[in-house]
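Each remark here refers to the structure printed beneath this line.
When a residue number appears, it is its place in the shown sequence, counting from 1. Excluded from the calculations below are hydrogen atoms, water molecules and symmetry mates; all remaining heavy atoms, backbone and side chain alike, are included. Atoms within a ligand are numbered from 1 in the order they appear, just like the ligands themselves.
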Amino acid sequence: MTMDQLKRQAAARALEEVRDGMQLGLGTGSTAKHFVELLGERVAAGLKVIGVPTSEATRADAERCGVKLTTLDEIDHLDLTIDGADEIDPELNLIKGGGGALLREKIVAAASDRMIVIADDSKWVPTLGKFPLPIEVIPFGLGATRRAIEKAFAECGVSGQMAVRKAKGGDKDGHVFVTDGGHWIVDAQLGRITDPPGLAKALSAIPGVVEHGLFIGFASSAVLAGGGGIRVIERRKPKGDQE
Ligand SMILES: O=C[C@H](O)[C@H](O)[C@H](O)COP(=O)(O)O
């Protein structure tokens with residue numbers, strides 16, 4: 001089975017949790033895109049749901065698939081968010097933001113009663129950090145922000161190269177990647193993050209950091225699709241112990 005088929009399987013399993021009338025957070029990325037497409041098929045068959053997209057890309061996909069959309073200004077909570085991840089550890093701490101949507105993804109996840117993470121099982125890791133940690137920053141004063149990030153890394157016992165993300169593809173190739181919120185992303189190659197909650201807290205305290213890709217305490221469960229089938233891992237701690 002290809003990686004893409006595994007992603008679709010995980011998306012299909014998460015779709016079983018969707019009920020008529022739900023207000024849904026719609027994630028971003030190649031796995032979340034499968035979910036939106038499958039949701040669109042259910043909507044065409046009569047399912048009534050409304051979604052809040054976590055990126056302009058997901059907005060376009062949802063519109064194409066006929067999924068009705070709203071905003072967090074128009075509704076006061078979400079029942080369920082389904083989103084992908086770049087890494088998932090056994091505590092269901094996540095690294096997200098490989099596609100640059102971490103800020104809206106975290107706002108939507110925080111507004112949601114439950115979050116199901118969907119992924120192929122290559123995303124399951126014993127310790128976060130092999131995937132470069134995305135940190136969304138304000139371009140103004142970036143030098144100072146980078147120095148503050150380095151200090152936070154040292155205090156949390158990690159270190160590694162940082163690079164401002166470049167756009168890929170089309171005529172934007174080589175230019176700085178700009179998020180949907182108009183910010184930049186610094187990717188940090190940390191290798192091994194031994195204290196994800198501590199690092200999340202330290203990064204959140206830096207003024208030039210808009211958001212970071214550590215999602216601590218957000219995921220209620222993870223649906224992992226692999227060669228041997230689908231595994232559903234439930235979170236042990238209650239939602240609320242999040243950064
Ligand atoms: O910013 C992007 C998101 O956090 C994605 O959910 C994450 O990068 C996983 O994407 P994919 O499903 O394409 O691996």
With nothing but distance in play, are any N or O atoms of G29 less than 3.5 Å from an N or O of ligand 1?
no
For ligand 1 and K7, I'd like to know whether there is a polar contact (N/O to N/O, distance under 3.5 Å).
no
Starting from [atom], what is the nearest protein heavy atom, named by residue and atom, and what distance separates them?
atom	value
atom 11 (P) of ligand 1	S30 OG, 3.4 Å
atom 3 (C) of ligand 1	E105 OE2, 2.9 Å
atom 7 (C) of ligand 1	D86 OD1, 3.3 Å
atom 2 (C) of ligand 1	G99 N, 3.1 Å
atom 1 (O) of ligand 1	A101 N, 2.9 Å
atom 14 (O) of ligand 1	K123 NZ, 2.7 Å
atom 5 (C) of ligand 1	T28 O, 3.1 Å

Under 4.0 Å between a Lys/Arg side-chain N and an Asp/Glu carboxylate O for E105 and K96?
yes
Could you tell me whether E136 and R165 have a side-chain N and a carboxylate O separated by less than 4.0 Å?
no
Any side-chain to backbone donor/acceptor pair from R19 onto E16? Under 3.5 Å, distance only.
yes
Please confirm whether [X] approaches ligand 1 to less than 4.0 Å, judged on its heavy atoms.
X	result
K33	no
A32	no
A85	yes

Walk me through it: do H175 and K166 pass the test side chain to side chain contact (heavy atoms under 4.5 Å, CB included)?
CA-CA 6 Å; H175 288 72; K166 294 281 184 353; over 6 Å; no
List every atom of ligand 1 that sits less than 4.0 Å from any heavy atom of [X], numbering the atoms from 1 in the order shown and giving each element.
X	answer
G98	1 (O), 2 (C), 8 (O)
D83	6 (O)
T31	11 (P), 12 (O)
G84	6 (O)

Yes or no on side chain to side chain contact (heavy atoms under 4.5 Å, CB included) for T2 and L6, after CA distance, side-chain angles and deciding distance?
CA-CA 6 Å; T2 67; L6 293 175; over 6 Å; no
With L15, the side chain to side chain contact (heavy atoms under 4.5 Å, CB included) member among I118, I82, L38
L38
Under 6.0 Å from the six-membered ring centre of F215 and within 45° of its axis: does the NZ or CZ of K106 meet both?
yes
For T58 and K33, what are the C-alpha separation, side-chain angles and deciding distance, and is it a side chain to side chain contact (heavy atoms under 4.5 Å, CB included)?
CA-CA 7 Å; T58 297; K33 189 181 172 105; over 6 Å; no
If you apply the rule side chain to side chain contact (heavy atoms under 4.5 Å, CB included), what do you find for M162 with F153, and how did you get there?
CA-CA 11 Å; M162 281 191 272; F153 284 169; 4.2 Å; yes
Hey, could you give me the CD/CG distance between E155 and L199, rounded to the nearest 0.5 Å?
10.5 Å
